[in-house]
Peer 1: 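Here it is, the structure, as structure tokens.
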Amino acid sequence: MYVRLGYVAMSVHLHHCSPSQTMTFRQFTKIKDREAAIRKLERIARSNIENCLRILKHNRAHDIQFFRLSSRLIPLANHEALADWDYLSPLEQPLKEIRKFLSEHPMRIDFHPDHFVVLNTKDVSTLKTSIQALHLHEQLLKRMGIPLKHRCVIHVGGGYEDQEKALEQFIHNWAYVPERIQNLIMLENDDTTFTMSQTLYLCEKLGIPFVFDFHHHEANNGGEIWEEHWERAIQTWNCSPLPMKMHISSPRDEVAFRAHHDYINAEQFYQFLCNVKGSIDQLDCMIEAKQKDEALFRLMHELSSYPNIEVIDQASFHLK
DNA sequence: GCCAGTCAAGTCCCG
DNA sequence: CGGGACTTGACTGGC
């Protein structure tokens, strides 16, 4: 089994290279000259995109072929008070540079829009805002030259006191999601509400790839055994041009179990891989750890001492 | 230069 | 029903 590791949004090795600089709406309103305030937003957004390119180059230098872009690249892009702001035009040039770089050095790039994207809401305006946020991700992907299919992983949404109904609401709302937005989506089991099999129910019904989050599963499984649903998870990727992917993180401690640890528990990850070996040829694993790419490097280092792991490069390996 | 408090959005939980 | 917690990185203001 061929395994590629990826990480999230920013590198702890690159200083002054945040892709998530921001301006709050409060700060925005404090600037008297609205045009000047918008230009400041644009400067921040441009800097964020330029920093993304620096990070991608860093990834390239370290063999990292799998990366999740920050979903906070353009501050206030979806705010209703800035509905008239054409945020994309000023970003054409830096986005084009990313497009050029990725065409020369292909890698898998994903997004994880934040938890304010709720597709199973009953509130029409919340659904509208959610679709708008996904539209923004689509536009960015398009301009970076990244194929759109299955690039945004999101959660199912709220439980609303009746999870069965909440799942049916997702199916209901799905009909109102434009097809090109539908094609962006992957669904992930979450750590408080929807379990692996509940999420799989939607994925199977609607033809959406399922992203298994092992840590979330441990925090919220309703007694389900993941091995019993693993084959179903694999099947949801039949409709995708991309290899199956999953999320890997470790609990910070017993008390803050759901919070992310700085690093990944290598032994636990190794055991997991041994369990799934043979079921698939390739797996992309997104490392969600506070130490970002350093956690990835440390994990690779620890895995390299296992006898049946054959290291290919700094961020991928074969499990024999 | 450091620390505490604050921040668009949604949902959940507590009082 | 109203308000705070949740989560996260980044920014502001006070010292």
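To find a chain, count down the sequence lines: A is the first, B the second, and so on, and within it residues start at 1. Just the heavy atoms: all of them, side chains too, but no hydrogens, waters or symmetry mates, feed the values below.
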Peer 1: Looking at A:H247, A:H155, A:H260, which hits ring-ring contact (aromatic ring centres under 6.0 Å, His included) with A:H216?
Peer 2: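 Exactly one option meets the ring-ring contact (aromatic ring centres under 6.0 Å, His included) with A:H216, and it is A:H155.
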Peer 1: Please examine the side chains of A:E218 and A:Q268, heavy atoms only from C-beta on, and report whether any two atoms are closer than 4.5 Å.
Peer 2: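 Yes, their side chains come closer than 4.5 Å.
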Peer 1: On a whole-Å scale, what distance lies between the P atoms belonging to B:dG10 and C:dA10?
Peer 2: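 Between the two P atoms, the distance is 23 Å.
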Peer 1: Please report the interatomic distance CG(A:L91) to CG(A:L140), rounded to the nearest 0.5 Å.
Peer 2: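 A:L91 CG to A:L140 CG: 7.5 Å, rounded to 0.5 Å.
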Peer 1: Can you confirm whether more than 12 heavy atoms, excluding those of A:Y176, are under 6.0 Å from its OH atom?
Peer 2: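 No.
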Peer 1: Just wondering, do A:H58 and A:R54 contact through their side chains at under 4.5 Å, heavy atoms?
Peer 2: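 When only atoms from C-beta onward are counted, A:H58 and A:R54 do not touch, as no gap falls below 4.5 Å.
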Peer 1: What is the separation between atom CZ on A:F25 and atom C1' on B:dC7, rounded to the nearest whole Å?
Peer 2: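 Whole-Å distance recorded here is 12 Å.
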Peer 1: Using the six-membered ring wherever Trp is involved, compare the ring planes of A:H217 and A:F214 and label them parallel, tilted or perpendicular (cut-offs 30° and 60°).
Peer 2: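 Tilted.
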Peer 1: How close or far is atom P of B:dA8 from atom CG of A:L41, stated in whole angstroms?
Peer 2: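 After rounding, the reported distance stands at 12 Å.
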Peer 1: What is the per-nucleotide protein-contact pattern of nucleotides 6-15 of chain C, from the 5' end, where B denotes a base atom under 4.0 Å from a protein heavy atom, S denotes such proximity for sugar-phosphate atoms only, and - denotes neither?
Peer 2: -SBBSSS---
Peer 1: For the rings on A:F28 and A:H79, is their centre-to-centre separation under 6.0 Å?
Peer 2: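 No, the ring centres sit 6.0 Å or more apart.
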Peer 1: A:E80 CD to B:dA9 P: how many Å, rounded?
Peer 2: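 Taking atom P of B:dA9 as the reference, CD of A:E80 is at 9 Å.
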Peer 1: Is the shortest distance from a Lys or Arg side-chain nitrogen in A:R298 or A:D262 to a carboxylate oxygen in the other one below 4.0 Å?
Peer 2: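 No, no charged N to carboxylate O under 4.0 Å.
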Peer 1: Taking atom types as modelled, find out whether A:T24 and A:Q27 have a side-chain donor-acceptor pair closer than 3.5 angstrom.
Peer 2: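 Distance-only check passes for A:T24 and A:Q27.
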Peer 1: Quick one, A:E302 and A:Y270 - any side-chain contact, counting heavy atoms below 4.5 Å?
Peer 2: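 No; the side chains remain at least 4.5 Å from each other.
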Peer 1: Under 5.5 Å between ring centres and under 30° between planes: does that hold for A:F116 against the base of B:dA9?
Peer 2: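 Yes, A:F116 stacks on the base of B:dA9, since the ring centres sit under 5.5 Å apart and the planes are within 30°.
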Peer 1: Rounded to whole angstroms, how far apart are CG on A:L119 and P on B:dG10?
Peer 2: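 From A:L119 CG to B:dG10 P: 13 Å.
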Peer 1: Measuring only the C1' atom in each nucleotide, how far is B:dG5 from C:dG4? A whole number of Å is fine.
Peer 2: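 Going atom to atom, C1' in each nucleotide, I get 15 Å.
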Peer 1: Could you give the NE2-to-P distance, from A:H79 to B:dG10, as a whole number of Å?
Peer 2: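 Taking NE2 of A:H79 and P of B:dG10, I get 10 Å after rounding.
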Peer 1: Would you mind classifying the nucleic acid contact of A:D114 as base, sugar-phosphate or nothing, using non-hydrogen atoms under 4.0 angstrom?
Peer 2: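 Contact class for A:D114: base.
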Peer 1: Looking only at the side chains, is there a donor atom on one of A:H112 and A:E188 sitting less than 3.5 Å from an acceptor on the other?
Peer 2: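 Yes, because at least one side-chain N or O of A:H112 sits under 3.5 Å from a partner of the opposite role on A:E188.
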Peer 1: How close or far is atom P of B:dA9 from atom CG of A:D123, stated in whole angstroms?
Peer 2: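 Interatomic distance, CG of A:D123 to P of B:dA9: 13 Å.
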Peer 1: If the P atom of C:dT7 is compared with that of B:dC14, how far apart are they to the nearest Å?
Peer 2: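 Going atom to atom, P in each nucleotide, I get 15 Å.
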Peer 1: Only stems of 3 or more consecutive Watson-Crick or G-U pairs count here, both distances under 3.5 Å; name the ones for DNA chain B, or none.
Peer 2: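 DNA chain B stems, ordered by first number: B:1-7 with C:9-15, B:10-15 with C:1-6.
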Peer 1: Dump every N/O contact between nucleotides 12-15 of chain B and the protein below 3.5 Å, one line per pair.
Peer 2:
from, atom 1, to, atom 2, distance (Å)
B:dC12, OP1, A:G159, N, 2.4
B:dC12, OP1, A:Y160, N, 3.3

Peer 1: Just checking A:T121: base, sugar-phosphate only, or nothing, at a heavy-atom cut-off of under 4.0 Å?
Peer 2: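 Sugar-phosphate only.
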Peer 1: Using atom CD1 of A:I154 as one end and atom C1' of B:dA9 as the other, report the distance to the nearest whole Å.
Peer 2: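 Spelled out: CD1 on A:I154 to C1' on B:dA9 is 15 Å.
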Peer 1: Looking at A:H301, I'd like to know if its NE2 atom is crowded, meaning that more than 12 non-hydrogen atoms belonging to other residues, nucleotides or ligands lie closer than 6.0 Å.
Peer 2: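 No, the 6.0 Å shell around NE2 holds no more than 12 heavy atoms from other groups.
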Peer 1: Give me the distance, rounded to whole Å, that separates C:dG3 from B:dT6 when you measure between the P atoms they each carry.
Peer 2: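 To the nearest whole Å, 16 Å.
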